[in-house]
Number of protein chains: 2
Amino acid sequence: MQDLEDELAKQLWAIGDVTRLRILRMLPDSANCEHGNNVSQIAEKLGLAQPTISHHLRVLRQAGVVQHKKMCRDCFYWVDRDAAKDIIERLGQLLGGDESVEVLGL
Amino acid sequence: MQDLEDELAKQLWAIGDVTRLRILRMLPDSANCEHGNNVSQIAEKLGLAQPTISHHLRVLRQAGVVQHKKMCRDCFYWVDRDAAKDIIERLGQLLGGDESVEVLGL
DNA sequence: CAAACGTATAGATGAATTTATATATTTAAA
DNA sequence: TTTAAATATATAAATTCATCTATACGTTTG
């Protein structure tokens with residue numbers, strides 16, 4: 001239970017950053033590299049240096065929020081759907097009390 | 001849209017802390033002071049100083065995650081249900097893509 | 001093989017956060 | 001009114017974080 005709480009806190013903290021939120025919005029929700037941006041493209045679109053984006057992606061990766069795969073020279077990232085579902089479920093239970101179960105339809 | 005993103009990041013960041021997560025678990029989901037702990041009781045149960053808890057509650061309050069009310073000498077806090085619902089909805093849209101709408105039943 | 005490209009890592013710096021101590025404010029009780 | 005209790009605020013010290021620059025590593029291409 002303690003570990004779950006630490007993990008949830010880590011995940012929420014990782015998501016709770018404007019830059020990382022913007023990165024997440026640019027990522028596909030599956031390993032579909034056709035519609036994904038590589039790290040440098042994300043950096044350019046957000047007006048930040050490439051190592052900065054790489055750092056934030058690492059934070060998201062270590063929190064288990066995103067997955068990544070290297071294709072040729074590029075690295076593509078996408079949102080881990082199972083992790084996302086877990087986060088939303090736990091957050092609902094934590095914040096919404098009993099009613100969250102209804103809202104989430106779980 | 002920018003403001004909404006900033007607000008969401010702030011709220012998620014506020015929740016993404018182990019101490020604040022533990023505090024939230026102790027708060028009722030409505031202004032029901034009968035089942036709530038005051039600030040000092042929370043501090044004692046978590047083994048932290050009262051000003052520390054007061055500080056964290058202030059963070060949660062400024063993020064709009066909790067509401068509070070002074071009863072006699074004590075302050076009682078509870079989770080803001082509307083804010084909680086907003087957070088979960090937005091997070092679902094952000095992380096889950098289109099499917100989140102189904103998961104959330106919205 | 002060498003040059004170019006994409007990414008990750010390391011080091012440095014300024015800013016923000018956490019925690020505790022001390023002080024102040026408000027409220028209830030004696 | 002005086003005293004005690006509960007909470008909030010201010011300050012300070014240590015830690016942590018976001019960002020940048022520079023560099024290293026692996027891969028592709030000429």
Side-chain angles (χ1 to χ4, degrees), chain A residues 5-7 9-28 31 33-78, chain B residues 2 5-24 26-28 31 33-34 36-78:
Chain A
E5 206 159 52
D6 288 347
E7 187 188 5
K10 186 179 178 182
Q11 292 173 320
L12 291 172
W13 173 84
I15 301 173
D17 176 89
V18 179
T19 299
R20 291 194 281 269
L21 224 49
R22 289 182 187 146
I23 292 175
L24 282 172
R25 274 205 321 178
M26 301 178 66
L27 300 183
C33 300
E34 304 301 327
H35 301 91
N37 298 280
N38 66 19
V39 179
S40 295
Q41 289 171 330
I42 295 172
E44 187 182 356
K45 291 184 180 177
L46 294 184
L48 292 171
Q50 172 268 320
T52 302
I53 304 301
S54 185
H55 160 73
H56 285 298
L57 284 169
R58 177 184 183 155
V59 171
L60 291 171
R61 201 176 45 198
Q62 290 181 335
V65 178
V66 303
Q67 298 254 342
H68 75 133
K69 183 171 154 190
K70 189 159 190 174
M71 299 275 291
C72 301
R73 280 183 301 188
D74 303 342
C75 277
F76 291 99
Y77 288 75
W78 65 93
Chain B
Q2 194 75 352
E5 206 159 53
D6 287 348
E7 188 188 7
L8 179 59
K10 185 178 179 182
Q11 290 173 320
L12 290 172
W13 171 85
I15 302 174
D17 175 88
V18 179
T19 299
R20 291 194 283 268
L21 223 48
R22 289 183 187 144
I23 292 174
L24 282 172
M26 301 177 64
L27 299 183
C33 301
E34 304 300 328
N37 298 280
N38 66 18
V39 179
S40 295
Q41 288 171 330
I42 295 172
E44 187 182 356
K45 291 184 180 178
L46 294 183
L48 293 170
Q50 171 270 319
T52 302
I53 303 300
S54 184
H55 161 71
H56 284 297
L57 284 169
R58 179 180 183 166
V59 171
L60 291 170
R61 199 177 42 194
Q62 290 181 336
V65 178
V66 303
Q67 299 256 340
H68 74 132
K69 184 170 155 191
K70 189 159 192 174
M71 298 277 289
C72 301
R73 279 184 300 184
D74 304 340
C75 277
F76 291 98
Y77 288 75
W78 66 92

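The figures here come from the full heavy-atom set of this structure, side chains too, leaving out hydrogens, waters and symmetry mates. In this text, all values refer to a predicted model and were calculated from it rather than measured experimentally. In the text below, chain A, chain B and the rest are named by the order of the sequence lines, each starting its count at 1.
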Closer than 4.0 Å, any side-chain N/O of [X] to the OP1 or OP2 of [N]?
{"X": "A/Ser40", "N": "C/dT7", "result": "yes"}
{"X": "B/Ser54", "N": "D/dA8", "result": "yes"}
{"X": "B/Tyr77", "N": "D/dT7", "result": "no"}
{"X": "A/Arg58", "N": "C/dA8", "result": "no"}
{"X": "A/His55", "N": "D/dT19", "result": "no"}

Please confirm whether any donor atom in the side chain of A/Gln50 sits under 3.5 Å from an acceptor in the base of C/dA8, or the reverse.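 Side chain to base: pair present.
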Measure the spacing between CD1 of B/Ile23 and CG of B/Leu48 and express it to the nearest 0.5 Å.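 Between atom CD1 of B/Ile23 and atom CG of B/Leu48 there are 7.5 Å.
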Within the 4.5 Å heavy-atom criterion, are B/Lys69 and B/Phe76 side-chain neighbours or not?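 B/Lys69 vs B/Phe76: side chains apart.
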Please report the distance, rounded to the nearest Å, between [atom1] in [X] and [atom2] in [N].
{"X": "A/Arg61", "N": "C/dA8", "atom1": "CZ", "atom2": "C1'", "result": "8 Å"}
{"X": "A/Lys69", "N": "C/dT7", "atom1": "NZ", "atom2": "P", "result": "15 Å"}
{"X": "B/Lys10", "N": "C/dA16", "atom1": "NZ", "atom2": "P", "result": "14 Å"}
{"X": "A/Met71", "N": "D/dT28", "atom1": "CE", "atom2": "P", "result": "11 Å"}
{"X": "B/Leu46", "N": "C/dT19", "atom1": "CG", "atom2": "P", "result": "11 Å"}
{"X": "A/Asp74", "N": "D/dT28", "atom1": "CG", "atom2": "C1'", "result": "11 Å"}
{"X": "B/Lys70", "N": "C/dT27", "atom1": "NZ", "atom2": "C1'", "result": "7 Å"}
{"X": "A/Leu48", "N": "C/dT7", "atom1": "CG", "atom2": "C1'", "result": "16 Å"}

Return the minimal non-hydrogen interatomic distance between B/Trp13 and A/Gly16, and the atom names on each side.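 Nearest pair, atom of B/Trp13 first, then A/Gly16: CB-O, 3.2 Å.
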Among D/dT19, C/dA8, D/dT7, which nucleotide sits nearest the side chain of A/Thr52?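 Looking only at heavy atoms from C-beta outward on A/Thr52, the closest nucleotide is D/dT19.
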Considering only C/dT19, D/dA8, D/dT19, which nucleotide approaches the side chain of B/Val39 most closely?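 Nearest to the side-chain atoms of B/Val39, counting from C-beta on, is D/dA8.
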Give a yes or no answer on whether the side chain of B/Glu44 reaches the backbone of B/Gln41 with a donor-acceptor pair at less than 3.5 Å.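 Not a single qualifying donor-acceptor pair exists.
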Expected output: side-chain B/Gln67 to main-chain B/Trp78 donor-acceptor under 3.5 Å: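 Looks like no, no N/O pair under 3.5 Å.
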Taking for each residue the nucleotide of DNA chain C with the nearest heavy atom, is it A/His68 or A/Arg73 whose nucleotide lies nearer the 5' end?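 Nearest-nucleotide comparison on DNA chain C picks A/Arg73.
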Closer to the 5' end of DNA chain C via nearest nucleotide, is it B/Pro51 or B/Val59?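 So the residue in question is B/Val59.
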